[in-house]
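Below is one structure, written out as C-alpha cells; the observations come after it.
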Amino acid sequence: QVQLVESGGGLVQAGGSLRLSCAASGRTFSSSTMGWLRQAPGKEREFVAAINWRSGNTYYADSVKGRFTISRDNAKNTVYLQMNSLKPEDTAVYYCAAKLYTQKVVVEYGYDYWGQGTQVTVSS
C-alpha cells in the first residue's frame, strides 16, 4: 500500500523559510516522478514543483522558480521542498504526490497517489 506522508508545514513570517518532507513507502519509486502541489482557500489546486526520481531532473512553476528547491534522498525514500523567501501568497495546503511509471519531469497533473497535505501559512 502506497503511503505519502508530508511534514514540515507551519507558520512563518514573510521572507522566511520552511522545508517540507514527504516520506514515501509501499513500493519502489525509482520509475516515478514526485511532485508538490498546493491549494489555497477558495482556489484550485496548483502545481509547484516536480522531480524525476531516477534522473533527478527538476521542474518548477514560474511562481516559485528561484525560491523553492525540490530534492530527493534515495536512501530515505524521501522528497523535500525547500521554500525560501516565502510570501503571503504561498499560504496553502501543500500536497506531495507520485506519478508512477514515467520518465517525464514535466508532470503538472494526473498524479496517481497523494499525501494528506500539510498547512503552510505565511504572515505579512
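At distances below 3.5 Å, not a single donor-acceptor pair connects side-chain atoms of Asn52 with backbone N or O atoms of Tyr59. Proximity of a side-chain donor or acceptor of Asn77 to a complementary backbone N or O of Ala24 within less than 3.5 Å is detected. Here the side chain of Gln116 pairs no donor or acceptor atom with the backbone of Val5 at under 3.5 angstrom. Although no hydrogens or angles enter the test, the distance criterion places no donor-acceptor pair under 3.5 Å between the side chain of Asn57 and the main chain of Val105. Here the side chain of Glu6 pairs a donor or acceptor atom with the backbone of Gly117 at under 3.5 angstrom.
Using a 4.5 Å heavy-atom cutoff, the side chains of Leu100 and Arg27 are in contact.
How far CE of Met34 is from OH of Tyr113: 11.5 Å, rounded to the nearest 0.5 Å. Rounded to the nearest 0.5 Å, atoms CG (Leu11) and CD (Gln119) are 9.5 Å apart. Between the CG atom of Asp112 and the NZ atom of Lys99 there is a distance of 4.5 Å, given to the nearest 0.5 Å. Annotation: the span from Thr69 atom OG1 to Arg19 atom CZ amounts to 11.5 Å, rounded to 0.5 Å.
Of all heavy-atom pairs spanning Ile51 and Val79, the tightest one is CG2-CG1, 4.2 Å. Listed here is the closest heavy atom pair of Ser124 and Pro88: CB-CG, 3.9 Å. Between Trp53 and Phe29, the closest heavy-atom pair is CB-O, 3.2 Å. Heavy atoms only, all atoms of each residue included: Ser31 and Arg54 are closest at OG-NH2, 3.2 Å. Nearest heavy-atom pair, Thr33 versus Ala50, reported as atom, atom and distance to 0.1 Å: CG2-CB, 4.0 Å.
In terms of hydrophobic clustering, with Ile, Leu, Val, Met, Phe, Trp and Tyr side chains grouped at heavy-atom distances under 4.5 Å, Val106 and Tyr111 are assigned to a common cluster.
Heavy-atom neighbours of Glu46 CD from other residues, nucleotides or ligands within 6.0 Å: above the threshold of 12. Within 6.0 Å of NZ in Lys43 there are 12 or fewer heavy atoms belonging to other residues, nucleotides or ligands.
Asp90 and Lys87 are not joined by a salt bridge, as no carboxylate oxygen comes within less than 4.0 angstrom of a charged side-chain nitrogen.
In this structure, Phe68 and Tyr94 have tilted ring planes: the angle between them lies in the 30° to 60° band.
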Steps toward side-chain contact (heavy atoms from CB on, under 4.5 Å) verdict (Glu108, Leu37)
CA-CA 8 Å; Glu108 297 186 2; Leu37 298 93; over 6 Å; no
